[in-house]
Number of protein chains: 2
Amino acid sequence: MTDEVGAQRTKVQQIADDLKAAIERGDYGPGDRLPGENALAAQYGVASLTARRALKVLSTEGLVESKKGAGARVLSFRPIRRRGIPRVASGQWGSGRSIWSADDHRAPDVDQITVDEDAAPPEHVRDVLELGPDETACVRSRRYVLEGRPVMLAASYLPQALVAGSPITQADTGPGGIYARLADLGHAPTRFREEIRVRLPTADEAARLSIPTDRSVIKLARTAFDADGRAVEINEMTLDSAAYVLDYEFDA
Amino acid sequence: MTDEVGAQRTKVQQIADDLKAAIERGDYGPGDRLPGENALAAQYGVASLTARRALKVLSTEGLVESKKGAGARVLSFRPIRRRGIPRVASGQWGSGRSIWSADDHRAPDVDQITVDEDAAPPEHVRDVLELGPDETACVRSRRYVLEGRPVMLAASYLPQALVAGSPITQADTGPGGIYARLADLGHAPTRFREEIRVRLPTADEAARLSIPTDRSVIKLARTAFDADGRAVEINEMTLDSAAYVLDYEFDA
DNA sequence: CAGTGGTCTAGACCACCCT
DNA sequence: GGGTGGTCTAGACCACTGG
């Protein structure tokens with residue numbers, strides 16, 4: 001007996017596991033359509049709602065994409081590797097193998113770009129940036145799309161008083177991006193903190209990322225500090241949790 | 001107009017948002033029982049299944065705990081901050097201090113401890129540890145429980161040939177833990193890589209963590225390299241995604 | 001033992017896709 | 001227009017909790 005206490009499978013899980021195994025075996029390749037809920041219901045002798053819930057599991061996990069009129073189609077899943085700490089002297093360590101295969105080097109498209117002056121940024125942003133009661137923030141928002149698939153939302157907050165008049169308030173920040181411009185202003189980032197949480201997306205996040213509402217997103221907040229220890233930027237990122245592998249490499 | 005394309009709310013979302021707002025307002029404090037599905041169904045004029053799905057959203061998010069005979073009770077949510085980098089910095093593990101004391105100030109209990117010789121570790125573990133076809137791995141598995149709530153599973157893999165006969169193969173590894181013993185063996189970890197993924201739990205993981213099957217877990221794989229660049233340990237952690245904030249701090 | 005949530009069935013209406 | 005998934009209703013049985 002291989003029964004595990006508490007690990008008893010429901011019908012939904014049974015069917016979902018079967019489908020996953022079939023995909024893994026290659027019975028269904030990328031772009032192929034899985035059996036519909038009615039076909040599955042007939043095949044397994046269950047109600048169609050039960051079959052649907054099994055399909056829903058796969059779409060929540062990001063293995064398939066379910067569209068209304070069409071069926072559930074298998075996605076070609078190639079996670080993106082995001083290196084949190086830039087490589088320095090990578091030579092000998094570059095050969096260390098990683099646990100999960102994932103891709104680098106694919107440049108995403110960027111759209112939905114907005115640059116605004118925000119008089120009322122979130123409270124935690126005000127706190128970390130140490131904004132006075134009348135101070136505003138410069139907010140740079142954008143969306144990253146890889147191979148037609150939205151994978152990340154990002155919103156950078158900077159003290160408006162610090163960046164007013166600089167290219168940071170323009171759509172195009174020039175070579176080197178925001179950090180190079182902060183350096184021009186005498187506030188080059190020297191230290192970073194990244195904080196990671198996982199939660200369900202808001203309705204708006206789910207819509208902009210084109211993910212089901214029960215697919216988790218990774219909230220990744222990076223704070224940049226200048227040499228004086230002042231927080232000069234907060235970048236709040238929202239990642240499709242099925243699309244990313246995060247990577248941090250550091251010395252003891 | 002504040003209409004957002006694709007952000008239209010379903011009844012389930014409406015009810016779930018109302019309940020969340022009520023909890024946030026303090027209408028329901030930690031330990032309080034939310035209205036049952038029948039009460040909600042009557043109150044909103046919807047089917048009980050619809051009300052249940054709203055409650056399910058909250059339990060997926062970790063705001064409440066739903067038990068069969070009892071209702072859905074509000075949890076006191078205090079996420080654990082796990083500092084990725086200082087917690088393994090040298091000096092922390094040489095001094096007999098436990099790794100967890102570098103984290104929050106709350107020390108978890110550890111149970112479900114097993115130490116085994118595993119002849120067939122997962123393929124990616126074989127690869128990274130560069131195990132030969134006949135080599136085995138030492139697997140140290142345990143579960144961390146904080147304030148009665150399971151929050152993390154962990155399994156460390158080490159080359160059996162490297163650690164055979166050392167305290168690493170014992171339940172109690174002595175002061176400083178695994179890393180201090182690896183240092184005794186001349187393979188002190190000098191560099192670490194942490195890789196982070198998010199996915200749905202397996203039935204077994206969900207059972208051991210006592211979380212619903214649709215609550216995501218964070219898979220955190222830490223690889224430790226010695227001075228020669230050899231991978232000497234892989235620690236595969238499985239975190240309740242609602243219980244943790246991960247934190248990485250580093251210089252530019 | 002009454003009430004609860006967990007799972008499942010049977011069937012409905014709608015919006016959307018594809019042919 | 002037929003088939004699909006998304007949402008919802010109405011009702012059933014079971015396992016478990018609590019008084």
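Here the structure is a predicted model, which is why all the values come from computation and not from measurement. In what follows, every heavy atom counts, from backbone to side chain, and hydrogens, waters and symmetry copies are set aside. Letters go in sequence order (proteins before strands), and every chain restarts at 1.
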I want to confirm an ordering. Mapping S48(A) and K11(A) to their closest nucleotides on DNA chain C, which one lands closer to the 5' end?
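Counting from the 5' end, the first nearest nucleotide belongs to K11(A).
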Between [atom2] of [N] and [atom1] of [X], the distance in whole Å:
X      : N      : atom1 : atom2 : value
L58(B) : dG5(C) : CG    : P     : 12 Å
R52(B) : dT4(C) : CZ    : C1'   : 9 Å
K67(B) : dG5(C) : NZ    : P     : 13 Å

Taking the side chain as everything from C-beta on, heavy atoms only, tell me whether [X] gets closer than 4.5 Å to [Y].
X       : Y       : value
S156(B) : I178(B) : yes
L55(A)  : L19(A)  : yes
M152(A) : L220(A) : no
D240(B) : P150(B) : no
Q112(B) : S141(B) : no

Verify side chain to side chain contact (heavy atoms under 4.5 Å, CB included) between S216(A) and L200(A), making sure each step is shown before the conclusion.
CA-CA 5 Å; S216(A) 289; L200(A) 292 182; 4.0 Å; yes
Would you classify R53(B) as touching base, sugar-phosphate or nothing, given that sugar-phosphate means primed atoms plus P, OP1 and OP2, and contacts are heavy atoms under 4.0 Å?
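Counting heavy atoms under 4.0 Å across all strands, the contact made by R53(B) includes a base.
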What are the 5'-most and 3'-most nucleotides of DNA chain D lying under 4.0 Å from any heavy atom of chain A?
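The footprint of chain A covers dG3(D) to dT7(D).
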On DNA chain D, compare the nucleotides closest to K56(A) and G69(A); which residue's is nearer the 5' end?
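In this pair, the answer is G69(A).
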